[in-house]
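Accompanying notes for the structure given below.
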Amino acid sequence: MDTYLQKLQAYFAGKLEEKDAQEMQVFLADHLGDPEVAALLEEQFEGCRSEVDDNTKKALSTTRNRLGLGRRPRSRGYWFAVAAAVLLLAAIPAALEVGYRLHKEPAPVAWQEIVVPTAQTRSLLLPDGTRLTLNAGSRVTWPETFSGEVREIFLDGEVEADVAKDPERPFVIHSGEVDVRVHGTRFDLKSYRDATMVEVMLMEGSVSLGIPAPEGRREVLLTPGDLAQYDRRAGEISLGKVATEGFRTFTDGGSFSFINIPLQDIAADLERTFGTRIIVADASIASQRFLAFFTNGESLDDILKLLAANGHLRIARKDGTVYIYNRK
């Protein structure tokens, strides 16, 4: 094993001949679950992070978090994701070979990704028939084919999902530190990276929301009409009931439902939807929470006016940017 680990280090450094490099690709594919190999992969990953410029670091960090690499590994698939990131940064084209050997698939799986621009939405049909509607500023990554035992995608943003039923293969959405696991259902998940709150509103079927907990992970089962809200900063989750027939999401003519949501998150939602820069200029009001529904196509000015009246806020505009202040 020690000899192989030494060769693996040389492999990452690009110092092996082609024949030896191919041998290491096979070794890596067959030993991703070994603790020594896993530790070396993590070391290599961190080493790559320290050698690149700030822009590349930021991109790498985003990719790592989006793929769920910040969590404790629980399967060989996790280490395949780490290995793929390492090989990509090292400009070594062996990642596809690793994926093939690891998953025993007839061909490497290609991943696709789209980013929804500000003030727009996108609809997407996944290979299994699942339909996604993505809100402004969302990013989703999905495989060209679902070939494993679990159908997995990665999300940063908000999606309304109508998941194709497949009892043999659960559907899982990874979004930072949270997961939503379903078999076949319709729900809305809002989980923007820069937001305090993660929300899951279940319309049909059943889902479980996985969140961090002192004991490792906590699974919260939802039934139709449940609205789960996870506060990332406080590490707390609340579960309430909402009438599904009256609940409207961004797919219903740009509707907004703010249920105990911090002003900072509301400002970010409005900024993404209307394409106008909005700054909460007073830190003392950033965490102020609101209960408000806008379901009649209200303009940005209409929404800001009502929020200001209810929250004792002052709204100002300068050079196309909206500033929100504490009126007191």
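The basis for the numbers below is simple: all heavy atoms, side chains too, and nothing from hydrogens, waters or symmetry mates.
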(request) Decide whether T251 and T249 meet the rule of one side-chain donor and one side-chain acceptor closer than 3.5 Å. (result)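 A donor-acceptor contact under 3.5 Å links the two side chains.
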(message) Please tell me whether S191 and R232 have a donor and an acceptor in their side chains that are separated by less than 3.5 angstrom.
(response)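 Yes, R232 and S191 have a side-chain donor paired with an acceptor closer than 3.5 Å.
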Does [X] come within less than 4.0 Å of [Y], counting only side-chain N to carboxylate O?
{"X": "D179", "Y": "R217", "result": "yes"}
{"X": "R289", "Y": "D231", "result": "yes"}
{"X": "D194", "Y": "R272", "result": "yes"}

Heavy-atom check, side chain of [X] versus side chain of [Y], under 4.5 Å:
{"X": "L132", "Y": "I153", "result": "yes"}
{"X": "V198", "Y": "S175", "result": "no"}
{"X": "R218", "Y": "Y230", "result": "no"}
{"X": "L189", "Y": "I173", "result": "yes"}
{"X": "R317", "Y": "V322", "result": "yes"}

What are the two closest non-hydrogen atoms of [X] and [Y], and how far apart are they?
{"X": "L222", "Y": "V220", "value": "CD1-O, 3.3 Å"}
{"X": "P224", "Y": "G205", "value": "CD-O, 3.2 Å"}
{"X": "D269", "Y": "F256", "value": "O-CE2, 4.4 Å"}
{"X": "G275", "Y": "A119", "value": "N-CB, 4.2 Å"}
{"X": "F258", "Y": "L270", "value": "CZ-CD2, 4.4 Å"}
{"X": "S138", "Y": "N135", "value": "OG-O, 2.8 Å"}

Rounded to the nearest 0.5 Å, how far apart are [atom1] of [X] and [atom2] of [Y]?
{"X": "S208", "Y": "R181", "atom1": "OG", "atom2": "CZ", "result": "6.5 Å"}
{"X": "Q112", "Y": "E144", "atom1": "CD", "atom2": "CD", "result": "5.0 Å"}
{"X": "L155", "Y": "W142", "atom1": "CG", "atom2": "CH2", "result": "12.0 Å"}
{"X": "D128", "Y": "D166", "atom1": "CG", "atom2": "CG", "result": "7.5 Å"}
{"X": "S257", "Y": "E199", "atom1": "OG", "atom2": "CD", "result": "8.5 Å"}
{"X": "K190", "Y": "M197", "atom1": "NZ", "atom2": "CE", "result": "10.5 Å"}

(message) If you count every heavy atom of other residues, nucleotides or ligands that lies below 6.0 Å from E168 atom CD, does the total exceed 12?
(response)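 For E168, atom CD is not crowded (no more than 12 foreign heavy atoms under 6.0 Å).
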(request) Flag yes if more than 12 heavy atoms outside K241 fall under 6.0 Å of its NZ atom; otherwise flag no. (result)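 Check passes, neighbour count above 12.
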Quick one: does [X]'s side chain have a donor or acceptor within less than 3.5 Å of a partner on [Y]'s backbone?
{"X": "R169", "Y": "F146", "result": "yes"}
{"X": "K305", "Y": "L300", "result": "no"}
{"X": "Q288", "Y": "G311", "result": "yes"}
{"X": "S206", "Y": "T223", "result": "no"}

Single hit among [options] for side chain to side chain contact (heavy atoms under 4.5 Å, CB included) with [X]:
{"X": "F290", "options": "I259, N260, L263", "answer": "L263"}
{"X": "I266", "options": "L307, I303, L304", "answer": "L307"}
{"X": "V200", "options": "D226, V180, V178", "answer": "V180"}

(request) Considering only Ile, Leu, Val, Met, Phe, Trp and Tyr, and joining two whenever side-chain heavy atoms are under 4.5 Å apart, list the other residues clustered with L221. (result)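 In the cluster with L221 there is nothing else; it is isolated.
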(request) Might you work through the side chain to side chain contact (heavy atoms under 4.5 Å, CB included) test for D265 and Y192, ending with a clear yes or no? (result) CA-CA 9 Å; D265 284 9; Y192 285 97; over 6 Å; no
Does [X] belong to the same Ile/Leu/Val/Met/Phe/Trp/Tyr cluster as [Y], with side-chain heavy atoms less than 4.5 Å apart forming each link?
{"X": "V116", "Y": "F250", "value": "no"}
{"X": "V159", "Y": "L124", "value": "yes"}
{"X": "I114", "Y": "L126", "value": "yes"}
{"X": "I324", "Y": "F274", "value": "yes"}
{"X": "F187", "Y": "I211", "value": "yes"}

(request) With sequence neighbours excluded, tell me which residues meet side chain to side chain donor-acceptor pair (under 3.5 Å) with R131. (result)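 By the side chain to side chain donor-acceptor pair (under 3.5 Å) rule, R131 matches no residue at all.
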(request) Just do the side chain to side chain contact (heavy atoms under 4.5 Å, CB included) check on K165 and H183 with the steps written out, would you? (result) CA-CA 6 Å; K165 291 181 172 59; H183 285 278; over 6 Å; no
(request) Report the C-alpha separation of V140 and R122 in whole Å, then their side-chain angles, then the decisive distance to 0.1 Å, and conclude whether the side chain to side chain contact (heavy atoms under 4.5 Å, CB included) test is met. (result) CA-CA 11 Å; V140 66; R122 288 285 188 275; over 6 Å; no
(request) Output, in order, the C-alpha distance, side-chain angles, deciding distance and verdict of side-chain hydrogen bond (donor to acceptor under 3.5 Å, both in side chains) for S299 and D301. (result) CA-CA 5 Å; S299 67; D301 286 339; 5.3 Å; no
(message) Just to verify, what does A267 make a side-chain contact (heavy atoms from CB on, under 4.5 Å) with, not counting sequence neighbours?
(response)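 Partners of A267 by the side-chain contact (heavy atoms from CB on, under 4.5 Å) criterion, ordered by chain and then number, come out as I278, V280.
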(message) Under 6.0 Å from the ring centre and within 45 degrees of the ring axis: does the NZ or CZ of R151 meet both conditions for the six-membered ring of F171?
(response)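 Checked: cation-pi criterion not met.
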